[in-house]
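Down below is the structure, laid out as structure tokens.
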Amino acid sequence: MPLTLHIDQARWREHLRSTWNESIVPVAKGNGYGVGNARLLAESAALGARTVAVGTYEEVPSDPQTEVVVLTPWRPFVRNQVGPNVIHTVSRLADLVSIPARSRVVVEVQTSMRRHGIGARELRHSMLMSSLDRVRFEGWSLHFPMGAGGYAANIREAAELGRQANAVRKGPLWVSHVPATKLGDIGENVRLRMGTGLWLGDRGALTVRATVLDVHSVRRGERVGYRQRRVAGDGHILVVSGGTAHGVGMEAPTAAATVRQRTIALAKGGLDAAGMALSPFTIDGKQRWFAEPPHMQASMLYLPSSVTPPHIGDEVGVDVRFTTTLFDQIVLD
Ligand SMILES: *Cc1c(COP(=O)(O)O)cnc(C)c1O
């Protein structure tokens, strides 16, 4: 009785192909953007990627078919043995000195993100120069904020930091969060790491559906669930697949319950409505309220009597955040 991700294969692959160009380095990390890393690596190979990026050493595939960049910076406590296809990210001078000699390395330079990276001022450190000779230098890495206000600031910063870094040693510039069409504005030999924009760039190709597992009619004020809350009115309790183990949280990722929605629920006589949360499940075109917080693998929803309840076995829509959801199954339509 699964939480299912349906992928419209033709549409999804069309988006991948139209987004793809040779400068892109597909990113396959974490939960694989909901789609799973194995599938993302296979799609990357089909696109013709020479290099892919993974998040951690644990995510490096056992028999990589391409170059693999590990995005989490190498640290002296990393014990993983890596093959010749693996490129490390080094983000501190001290690590550049202690990483095994002849390792393949991109050096991360700190940006306005302030996450990891060697400070731009440290780039001219004499130890950096000499340490670069110990390793196989594969370029510079820059990671940028999401670009909420447009990408102009990221492009400017990338061009400036790239210029400073290339003055130290010339090499490819690996960047993120700039438009693929603007790489030329940053400089030559720029490679773009892309996850979300590639895999989730056409959300219409991906549909998430939960299965209705049970339906019960209830009267206003009756108690339900682990917490024995009183229901807000006459109607139905639906039990649907999808709970905390899938990453289904108390609030939908996009449309959180507004004050107005809560007020309406309260006004409609919900005894516990003040404590209710709008669920990510959609029935009859509307997001529905949780009857109580999601369970491990299922959620209890309250459906007012004005709505005809779905049947057991029917599928209903769910609005999830792909990077935090673990689907029971993926169906290629
Ligand atoms: C995750 C990550 C990316 C990809 O980010 P998206 O927003 O999914 O495209 C690129 N670079 C680094 C360093 C990352 O950690």
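Just so you know, ligand 1 is whichever comes first in the structure, and atom 1 is the first atom listed for that ligand.
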Report yes if some N/O of Met146 lies less than 3.5 Å from some N/O of ligand 1; otherwise report no. no
Of all protein heavy atoms, the one nearest atom 11 (N) of ligand 1 is Arg193 NE, 2.8 Å
List every atom of ligand 1 that sits less than 4.0 Å from any heavy atom of Ser176, numbering the atoms from 1 in the order shown and giving each element. 10 (C), 11 (N)
Neighbour count above 12 (heavy atom, 6.0 Å) for Met146 CE: no
In the structure I gave you, are the side-chain heavy atoms of Trp12 and Val35 within less than 4.5 Å of one another anywhere? yes
For ligand 1, which atoms sit closer than 4.0 Å to a heavy atom of Arg115? 13 (C), 15 (O)
Of all the non-hydrogen atoms in the protein, which one sits nearest to atom 7 (O) of ligand 1, and at what distance? His177 NE2, 2.6 Å
Is any NZ, NE, NH1 or NH2 atom of the basic residue among Arg169 and Asp133 found under 4.0 Å from an Asp or Glu carboxylate oxygen of the other? yes
How does Leu71 reach ligand 1, if at all, at less than 4.0 Å between non-hydrogen atoms: by side chain, backbone, both, or neither? side chain
Provide the number and element of each atom of ligand 1 under 4.0 Å from a heavy atom of Lys29. 1 (C), 2 (C), 3 (C), 14 (C), 15 (O)
Please confirm whether His116 comes under 4.0 Å of ligand 1, counting heavy atoms of the residue only. no
So, are Arg17 and Glu14 salt-bridged, with charged N and O less than 4.0 Å apart? yes
Arg104 meets the side-chain hydrogen bond (donor to acceptor under 3.5 Å, both in side chains) criterion, sequence neighbours left out, with Glu67, Glu138
Output a table of donor-acceptor pairs, distance under 3.5 Å, between side-chain atoms of residues 182-192 and any protein atom two or more places apart or on a different chain; print 'none' if there are none.
from	atom 1	to	atom 2	distance (Å)
Arg191	NH1	Thr51	OG1	3.4
Arg191	NH2	Thr51	OG1	3.1

Please lay out, stage by stage, how His295 and Phe290 fare under the test ring pair (Phe, Tyr, Trp, His ring centres under 6.0 Å). CA-CA 11 Å; His295 301 176; Phe290 280 118; 9.5 Å; no
Distance only, no hydrogens: is a donor on one side chain within 3.5 Å (strictly under) of an acceptor on the other, for Ser91 and Arg115? no
Please list the nearest protein heavy atom to atom 9 (O) of ligand 1 with its residue and the distance rounded to 0.1 Å. Gly195 N, 2.8 Å
Tell me whether Tyr33 reaches ligand 1 (any heavy atom closer than 4.0 angstrom to a ligand atom). yes
Does Glu108 have a heavy atom less than 4.0 Å from any atom of ligand 1? no
